[in-house]
Amino acid sequence: MTMQNSIRLLDDITANRIAAGEVVERPASALKELIENAIDAQARHIKIRYSDGGKTFFEVRDDGTGIRASELSLAVQRHATSKLNETSLEKITSFGFRGEALPSIGAVARLEILSKTQEETGQKIRIEAGKIVEEAPVAHAIGTTVRVRDIFFATPARLKFQGSDRAESLAISDTVKRLAMARPDIGFSLYEEKPEGARKIFDFPALAGDAYGDRITAILGNQALADGLPFSAEKDGCQIWGYIGLPTAAKGNAQAQYFYVNGRPLKDKLFYGAVKGAYSDVLPSGKFPFCVIYMRIDPERIDVNVHPAKTEIRFKEAASIRSFVLNAVRMGLQSRPMQADHSLSSALMGQFSQTIAQPQNRPNFEQSREQNGMNFAQRPSAYQSMQSPMRYAMPSLQSHQNLAESARGFEGETYQGEGETADDYPLGFARAQIFDNYIIAQNSEGLIIIDAHAAHERIVYEKLKAQYESREVTKQRLLIPEILTLDPVQKDQIISEKSHFDALGLEIEDFGIDAIAIQAVPSLLNAQSIKSLFEEIIEAIGSFKTENPVQSHLNAVLSSMACHGSVRSGRRLKLEEMNALLREMEQTPNAGSCNHGRPTFITLDRQALENRFGR
Ligand code: ADP
Ligand code: MG
């Protein structure tokens with residue numbers, strides 16, 4: 001039998017090392033604390049250096065207020081902070097408030113702080129494994145330099161869990177960038193120290209306080225905002241603003257999602273969830289749009305003291321904040337439904353030049369003329385036997401009907417009201433249809449290629465959804481019910497959801513032990529393949545085990561329905577139909593992408609086209 005050990009207070013060093021386990025998980029997390037201290041000290045420029053992924057050395061130098069010489073030794077003590085003096089825990093406006101970072105780092109590493117305030121002379125202090133080993137006056141500009149060497153030398157077990165230098169370097173630059181994104185008014189620079197000299201990773205100059213777009217561009221590159229929509233909203237004194245990415249540029253992970261509350265970078269479930277909800281109409285799950293979302297809220301309405309690394313917070317009115325964010329992002333998405341994804345357009349232009357650069361893909365007209373040894377003008381019948389550029393330019397105009405229609409378009413006989421010009425419509429006027437799907441349209445700015453199937457799918461989806469939400473789905477009764485055979489268990493489950501299918505315009509009846517009869521479908525759908533539609537819906541729902549299966553898979557169900565209801569590729573459209581489709585797209589929210597997140601149209605601006613031809 002073992003005896004109960006007696007209870008005793010931990011000594012400071014042990015307590016600090018335990019705290020360090022949470023605050024100083026890796027070099028980047030310690031660095032984050034130091035940069036936050038610099039921001040709290042009103043620094044205008046913050047310069048960061050590191051080597052070996054931060055494992056052997058990193059340093060943060062700022063031009064902030066500095067620490068008084070007389071208080072330097074206090075700053076490195078546990079629970080010592082200057083930030084809770086006037087304010088209380090209920091109203092935190094600074095990054096720090098725990099008074100934990102410096103003592104924690106000092107407990108596991110070799111820590112050196114040099115600092116000077118405006119009034120006093122500079123002072124330096126050195127700590128090793130939690131003990132002050134040196135304190136002396138030093139020459140230093142106003143501000144603070146904090147150096148950390150051999151992080152974890154006092155806790156070697158931790159060192160083993162560190163990633164490669166490369167992984168730690170990436171974490172460091174990611175940490176600095178995330179902080180820099182929230183404060184365009186502060187300059188941030190990052191240097192890696194190498195035996196051969198310092199290497200600049202980046203240097204973001206201090207800008208105006210509201211130059212968020214410029215800072216984001218400096219950090220993420222030009223493309224980020226070219227495909228982003230600015231948005232902003234305000235409710236009950238809570239403001240949010242930022243940029244949200246087009247669905248067509250979404251990625252496979254959430255790396256490109258940035259959230260800030262009162263300047264503090266967060267990895268918060270509320271935001272991830274709200275963004276997911278806002279895009280649920282336009283993106284399948286597993287796709288993550290780019291976004292930078294800033295929120296300004298009264299500090300009394302949040303609790304920042306819920307996570308040691310302070311990357312999560314608690315909203316006192318979580319549910320209403322979540323729906324505020326969700327709605328703001330959704331409105332932002334719908335505000336400019338006709339924005340095309342520029343990266344797609346430039347990629348397409350790139351492909352054009354490729355084709356030109358590779359003669360084997362596109363026979364040279366002159367060459368083939370010579371090879372054939374004949375003169376095109378004199379022997380027009382040779383047209384058929386030659387691989388003429390004309391045939392390459394329009395390989396898919398298989399039918400005379402389409403050719404005739406496009407010709408009509410060029411003559412100006414378009415579906416165009418009196419006095420209307422292409423400028424009146426963002427998607428311009430249809431000129432032709434190619435590959436039995438894509439509509440080629442033109443407006444004053446250039447050429448637009450529309451995926452008719454995807455566009456129609458989007459329109460049907462939005463209509464279905466609107467009808468569903470207003471509880472007014474118009475149905476068409478089938479002349480002969482469709483009988484669908486199912487296994488008995490599945491049948492029971494589907495019948496138990498009857499009222500929910502009803503609300504979607506899908507009227508079903510019990511049809512014996514292993515079948516259902518489909519009696520009516522939404523009028524928006526074509527009534528040709530009801531069975532396969534229903535099978536697809538059952539698949540979209542996946543499992544009927546969850547509560548409210550139809551309800552909780554509503555987007556997937558509506559998507560399958562829309563997909564079935566829309567113009568399948570292969571259907572040829574009349575010019576009037578094409579133009580009607582374009583006009584409907586312009587009226588439809590989220591028309592820029594189909595519900596799988598693919599674009600519905602791309603643009604080729606006239607300038608780019610003319611440049612291509614060297615005009
Ligand atoms: P906290 O930030 O929670 O207050 P820290 O351990 O990070 O705790 O810092 C302790 C104190 O040291 C701070 O409250 C602040 O007064 C002072 N301090 C730390 N870093 C700086 C800095 N770069 N410039 C000015 N003061 C600093
Ligand atoms: Mg701090």
Side-chain angles (χ1 to χ4, degrees), residues 12-13 15-25 28-49 58-89 91-109 111-127 130 132 135 138 140-148 151 175-176 179 183 186-189 262-265 299 303-311 313:
D12 270 358
I13 292 182
N16 283 335
R17 279 190 195 152
I18 292 171
E22 295 173 332
V23 183
V24 195
E25 201 195 341
S29 49
L31 185 67
K32 171 171 175 283
E33 294 288 336
L34 301 184
I35 299 171
E36 289 181 349
N37 281 345
I39 298 174
D40 280 345
Q42 279 130 45
R44 298 269 59 94
H45 295 94
I46 302 176
K47 182 175 173 182
I48 300 134
R49 304 191 294 143
F58 57 89
E59 174 193 286
V60 176
R61 183 181 183 126
D62 69 59
D63 57 358
T65 55
I67 307 172
R68 287 188 197 100
S70 52
E71 290 181 355
L72 199 51
S73 59
L74 197 59
V76 295
Q77 278 178 43
R78 193 161 161 77
H79 302 315
T81 177
S82 60
K83 299 170 194 173
L84 285 182
N85 294 349
E86 306 100 61
T87 62
S88 72
L89 257 188
K91 203 174 168 64
I92 290 168
T93 51
S94 55
F95 278 113
F97 54 86
R98 290 170 176 256
E100 241 171 27
L102 292 182
S104 299
I105 297 169
V108 294
L111 173 68
E112 188 176 38
I113 307 173
L114 296 77
S115 196
K116 182 186 161 358
T117 59
Q118 192 167 7
E119 303 81 25
E120 297 185 15
T121 50
Q123 182 88 347
K124 121 180 185 182
I125 195 168
R126 277 202 307 125
I127 291 113
I132 297 176
E135 191 173 1
V138 75
H140 195 275
I142 294 174
T144 305
T145 302
V146 182
R147 295 190 184 119
V148 179
I151 191 168
T175 299
V176 184
L179 287 162
R183 292 298 297 267
I186 302 177
F188 288 85
S189 62
N262 296 345
R264 189 188 293 279
D303 185 355
V304 291
N305 190 19
V306 291
H307 190 271
K310 297 166 289 184
T311 55
I313 61 173

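Just follow the structure's listing: the first ligand is 1, and inside any ligand the first atom is 1.
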Check your understanding: Taking side chain as C-beta onward, heavy atoms only, is Ile105 less than 4.5 Å from Leu34?
Key ->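 Of all side-chain heavy-atom pairs linking Leu34 with Ile105, at least one is under 4.5 Å.
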Review point. Considering only heavy atoms from C-beta outward, does the side chain of Val146 approach that of Asn37 to under 4.5 Å?
Key: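 When only atoms from C-beta onward are counted, Asn37 and Val146 do not touch, as no gap falls below 4.5 Å.
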Review point. Ignoring hydrogens and geometry, is there a side-chain-to-backbone donor-acceptor pair from Thr117 to Ile67 under 3.5 Å?
Key: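 Answer holds: no.
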Point to revise | Flag, side chain of Asp40 to backbone of Gly96, donor-acceptor distance under 3.5 Å | key: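 Checking the backbone N and O of Gly96 against the side chain of Asp40, a donor-acceptor pair under 3.5 Å is found.
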Practice item. Check whether any N, O or S atom of Asn37, backbone or side chain, sits closer than 2.8 Å to the Mg ion (ligand 2). Key: yes
Exercise for review: Please indicate whether Glu71 has more than 12 foreign heavy atoms, meaning atoms of other residues, nucleotides or ligands, lying under 6.0 Å from its CD.
Suggested key: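 Atom CD in Glu71 is packed in, count exceeds 12.
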Point to revise | Derivation of the side-chain contact (heavy atoms from CB on, under 4.5 Å) call for Phe95 and Ile35 | key: CA-CA 10 Å; Phe95 278 113; Ile35 299 171; over 6 Å; no
Any protein N/O atoms within less than 3.5 Å of an N/O atom in ligand 1? List the atom names and distances, or say none.
from, atom 1, to, atom 2, distance (Å)
ligand 1, 2 (O), Asn37, OD1, 2.9
ligand 1, 2 (O), Lys83, NZ, 2.7
ligand 1, 3 (O), Phe97, N, 2.9
ligand 1, 3 (O), Arg98, N, 3.0
ligand 1, 3 (O), Gly99, N, 2.7
ligand 1, 4 (O), Thr81, OG1, 2.5
ligand 1, 6 (O), Ala101, N, 3.3
ligand 1, 6 (O), Leu102, N, 2.9
ligand 1, 7 (O), Asn37, OD1, 3.0
ligand 1, 7 (O), Asn37, ND2, 2.8
ligand 1, 8 (O), Gly99, N, 3.4
ligand 1, 14 (O), Thr81, OG1, 3.3
ligand 1, 14 (O), Ser82, N, 2.9
ligand 1, 14 (O), Ser82, OG, 3.2
ligand 1, 16 (O), Ser82, OG, 2.5
ligand 1, 20 (N), Asn37, ND2, 3.4
ligand 1, 23 (N), Asp62, OD2, 2.9
ligand 1, 24 (N), Thr144, OG1, 3.3

